[in-house]
Structure formats: structure tokens, C-alpha cells
Amino acid sequence: MANAGLPDPARTPLVLTVPGLNNSGPDHWQTRWEQQRSDCQRVELGMWDRPHRNTWVNQLNLAIGQAGRPVVLAAHSLGCLAVAWWAQLERPGPDSNVLGALLVAPPEVDFFPLDERIAPFAPTPAEPLSFPSILVASQNDPFMGYRTSRRLARSWGSNFADAGRVGHINAESGLDDWPFGQFLLQQLLRRFVHAEVPRVRSLPGLAQPPQVEIAL
């Protein structure tokens, strides 16, 4: 008999991190989350230094299917485009186990991308996502302008969060565990009644948090 005091693992959401170009190194917030959270694991997309769009979409689809439980995606940079293309190609319906997505610093791929290796992910899908999402942008991200990020959030039907002036929101941004990102992730996880969500013990640096537009 199952212990009524314990969460049902089959209903507890799994956080799947979806890195971008060149994968996420040891100082990246995605890697730190994977090390600190028991509910978090990486999607191995492969071909990290020369990404192939359909391969990434297929690998993401495989990871979602193999999770065997509800999933929240935490994507960074080109990983956000992989999520958007997965949503467009797979057309997840109401019975999908993808409950939501945190989409951090998606790059510009349509017009003069900063790195030519991300150009094959163009055009950027413009259809609204079929699941709740939060798009997080930096005011000085070299890979996508701030106004373009806001327009993309509207296209995808995503709530928008301003991370401040922190570059590409990666290891070079010096975010450590990125408490603000964990706060946003909590907003997605807490929507689900059956989720046993790990508490964020403290949010240093959030006494005056960046602008957040969330209406989940």
C-alpha cells in the first residue's frame, strides 16, 4: 500500500533542462540546478557544437516521452527554439505531459544571427505555445534585442520576465544558482495541485526583483 504521506512520483513534475549551443558548462545555472534539485535532469540533445534542428526536436520529444511523468521544461538560448519547434511539429494537446516551460534568453535566428550555427533554426515559430510559459529576457542580451524578446513573448503567448542587465543569462553572467530563475520556475510548478515542489530557501538579490509580468 502506498504511503499517503509521500508524493506520488508518477505525478511529481520533472524539470527537464534544455541547453543551447555548446551545451551548458559547470558554472551555468542549468548545471547548478541539476546538481541541487532532485527533480531536475538534462536533455541530451547531442551535436552541441553543430546543432541540427530536427535532431534536437526528436531528442527532446524522446526525453519528454521517457519521463513517464509530468514535465516542465527549463530551456536556455537555442534550447528555447528547440522547445518552440517541438511544440509546432508535435502539436501537444491537452493530454500532453508538458505542463509548462521556462524559456530563457532565446536568440535571434531570423535576421543576422550572432552565430551562423543557429541560423538553421529559422524561421522562429510564431504560433502561440499550447502550454503555459514564461519568457525571460535580459536588457543587454547580445543574441536578441530586448524589444524583440517582448514581441516574441507575445507571439508565443508567454508571460514576460525582465532579468535586468545580465547579458545572455549564462555562465558569463555570474548568476551562480540564479535565484530569480528558480523563483520563476516555482511559479510554473506551483500551478499543479499534485506537485511536491522543493522550496527555494532564500532569494538573495531579490529585495528589488526585476520586472515580472506573470498572470498564470
Side-chain angles (χ1 to χ4, degrees), residues 13-21 23-24 30 33 39-48 51-111 113 117-137 141 143-144 148-161 163 169 181 184-192 195 213-216:
L14 176 66
V15 178
L16 287 178
T17 60
V18 188
L21 183 68
N23 206 348
S24 294
Q30 286 181 318
W33 289 9
D39 64 344
C40 190
Q41 70 182 42
R42 179 167 303 190
V43 179
E44 291 298 333
L45 300 172
M47 304 178 69
W48 293 111
H52 182 268
R53 190 196 72 185
N54 286 359
T55 298
W56 275 27
V57 170
N58 289 337
Q59 289 297 105
L60 177 58
N61 191 52
L62 181 64
I64 291 169
Q66 289 181 338
R69 57 200 273 200
V71 165
V72 171
L73 305 171
H76 177 252
S77 192
L78 195 60
C80 299
L81 273 295
V83 171
W85 273 111
W86 174 82
Q88 179 162 305
L89 295 173
E90 293 297 324
R91 301 285 179 181
D95 58 342
S96 170
N97 62 339
V98 174
L99 303 178
L102 182 67
L103 305 169
V104 181
E108 169 65 66
V109 297
D110 298 289
F111 304 104
R117 293 175 294 171
I118 68 177
F121 281 67
T124 299
E127 296 183 11
L129 302 176
S130 60
F131 41 82
S133 60
I134 301 172
L135 190 151
V136 191
D141 188 341
F143 281 87
M144 179 176 280
T148 304
S149 296
R150 293 188 68 102
R151 288 196 297 269
L152 183 58
R154 288 194 292 270
S155 294
W156 286 351
S158 304
N159 289 283
F160 183 82
I169 319 183
L184 296 174
L185 180 64
Q186 294 292 108
Q187 308 314 302
L188 288 166
L189 290 170
R190 70 197 292 259
R191 300 180 69 247
F192 308 106
E213 301 171 6
I214 296 178
L216 294 173

Determine the interplanar angle of the Trp86 and Phe131 rings, folded into 0 to 90°, and report it as parallel if under 30°, tilted if 30 to 60°, perpendicular if over 60°.
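Rings of Trp86 and Phe131: tilted, as their planes differ by 30° to 60°.
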Has the side chain of [X] got a donor or acceptor atom that lies under 3.5 Å from a matching backbone atom of [Y]?
X     : Y     : value
Asn58 : Asn54 : yes
Trp56 : Gly46 : yes
Gln30 : Ala74 : yes
Ser24 : Pro19 : no

Atom [atom1] of [X] and atom [atom2] of [Y]: how far apart are they, to the nearest 0.5 Å?
X      : Y      : atom1 : atom2 : result
Thr17  : His76  : OG1   : NE2   : 12.0 Å
Asp110 : Thr148 : CG    : OG1   : 10.0 Å
Asn159 : Arg154 : CG    : CZ    : 13.0 Å
Cys80  : Leu102 : SG    : CG    : 8.0 Å
Ile64  : Leu60  : CD1   : CG    : 4.0 Å
Arg151 : Trp156 : CZ    : CH2   : 13.5 Å

Taking side chain as C-beta onward, heavy atoms only, is [X] less than 4.5 Å from [Y]?
X      : Y      : answer
Ile118 : Pro113 : yes
Ser133 : Leu188 : no
Ser149 : Met144 : yes
Gln59  : His52  : no
Pro51  : Leu78  : yes

Shortest non-hydrogen contact from [X] toward [Y]:
X      : Y      : value
Pro106 : Leu152 : CG-CD2, 3.8 Å
Pro13  : Asp39  : O-CB, 4.0 Å
Leu45  : Thr55  : O-CG2, 4.3 Å
Asn97  : Arg69  : ND2-O, 3.0 Å
Trp33  : Leu185 : CZ3-CD2, 3.9 Å
Arg42  : Asn23  : NH1-OD1, 2.8 Å

